[in-house]
Each structure stands twice: as structure tokens, then as C-alpha cells.
> 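Mind having a look at this structure? Questions to follow.
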Amino acid sequence: VGRYTFTFPPASPRPDAQYVVQLTSMETSGLLDDVIIQVQDGTMATTGFNYFIHEQDNSGNPGTYRDRNNFVTVFDTD
């Protein structure tokens, strides 16, 4: 729940791990939770990366992983 892996196609690995990732999650207006989407530190590689979505401080824990519809965009100038 809330943990994802983005993998570049096997025929198209990146030449290096120096690319920009833009992540966006969707939330319905009725929930309005404090949802955060982030790349997992240290996972960016030429073959892909991990990212996660979590609901921030729920008045008792540091964050709870959540599944949400999301979009991934990768910008690479190589």
C-alpha cells in the first residue's frame, strides 16, 4: 500500500541517474487529507526509482502509506 516502483523500459535505460522526477497524486475534494508523494531517497538509478505516497501526521503516527491515483513525469536532457 502506497509504495511504488517506476521502471524504465528495458530497451531504454537512462544513461545516468541525473534526471528530474515530477510526481503528482490525486485526491477527492471530500477527503482533503494531507497527502504527500515523494521519491524514496537513494533509489534513483539508470533503470528506475521507488516512490511512495503517505498521509502525513494522523494525530498519532508519523504518516500512513496510502494508495492514490498518481502521475509520474521524468525529464531527462541526455
Side-chain angles (χ1 to χ4, degrees):
V1 173
R3 297 177 183 150
Y4 305 90
T5 298
F6 182 91
T7 304
F8 295 111
S12 302
R14 307 312 326 140
D16 57 43
Q18 301 300 313
Y19 47 85
V20 176
V21 177
Q22 177 183 338
L23 302 169
T24 305
S25 66
M26 294 177 64
E27 185 75 358
T28 63
S29 61
L31 292 177
L32 298 176
D33 290 330
D34 187 12
V35 175
I36 298 172
I37 184 169
Q38 298 172 301
V39 172
Q40 183 180 347
D41 189 33
T43 66
M44 290 177 66
T46 59
T47 55
F49 54 89
N50 297 332
Y51 66 100
F52 54 88
I53 300 172
H54 62 96
E55 184 178 345
Q56 194 53 19
D57 189 0
N58 233 2
S59 299
N61 62 44
T64 304
Y65 290 106
R66 300 286 187 209
D67 283 332
R68 294 288 192 269
N69 292 331
N70 62 85
F71 303 95
V72 176
T73 306
V74 176
F75 298 96
D76 194 347
T77 58
D78 292 331

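All residue numbers in this chain count up from 1 along the given sequence. Below, each value reflects all heavy atoms present in this structure, side chains not excepted, and no hydrogens, waters or symmetry copies.
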> Determine yes or no for a side-chain-to-main-chain donor-acceptor pair under 3.5 angstrom, with D34 supplying the side chain and E55 the backbone.
no
> Nearest 0.5 Å please: distance from the CZ atom of R14 over to the CZ atom of F8.
6.0 Å
> Could you check whether any side-chain heavy atom of V35 comes within less than 4.5 Å of a side-chain heavy atom of I53, counting everything from C-beta outward?
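Contact flag for V35/I53 side chains = yes.
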> To the nearest 0.5 Å, how far apart are CD1 in I37 and CZ in R66?
15.0 Å
> Just so I know, are the side chains of V21 and F6 near enough to count as touching, which here means a heavy-atom distance under 4.5 Å?
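A side-chain contact is absent here, since even the closest heavy-atom pair is not under 4.5 Å.
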> Hey, quick one: are I36 and V39 part of the same hydrophobic cluster, counting side-chain heavy atoms closer than 4.5 Å, chains of contacts allowed?
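No: no chain of side-chain contacts under 4.5 Å links I36 to V39.
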> Rounded to the nearest 0.5 Å, what separation is found between the NE2 atom of H54 and the CZ atom of R68?
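Here the interatomic distance stands at 12.0 Å.
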> Which donor-acceptor pairs under 3.5 Å do side chains of residues 45-52 form with protein atoms, sequence neighbours excluded?
from	atom 1	to	atom 2	distance (Å)
N50	OD1	T5	OG1	2.9
Y51	OH	N70	OD1	2.7

> Do the side chains of Y4 and V74 join up, straight or via other hydrophobic residues, at under 4.5 Å, putting them in one cluster?
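Per the 4.5 Å side-chain linkage, Y4 and V74 are co-clustered.
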> Output all residues satisfying side-chain hydrogen bond (donor to acceptor under 3.5 Å, both in side chains) with Q22, sequence neighbours left out; order by chain, then residue number.
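Scan of Q22 (side-chain hydrogen bond (donor to acceptor under 3.5 Å, both in side chains), adjacent residues dropped) gives none.
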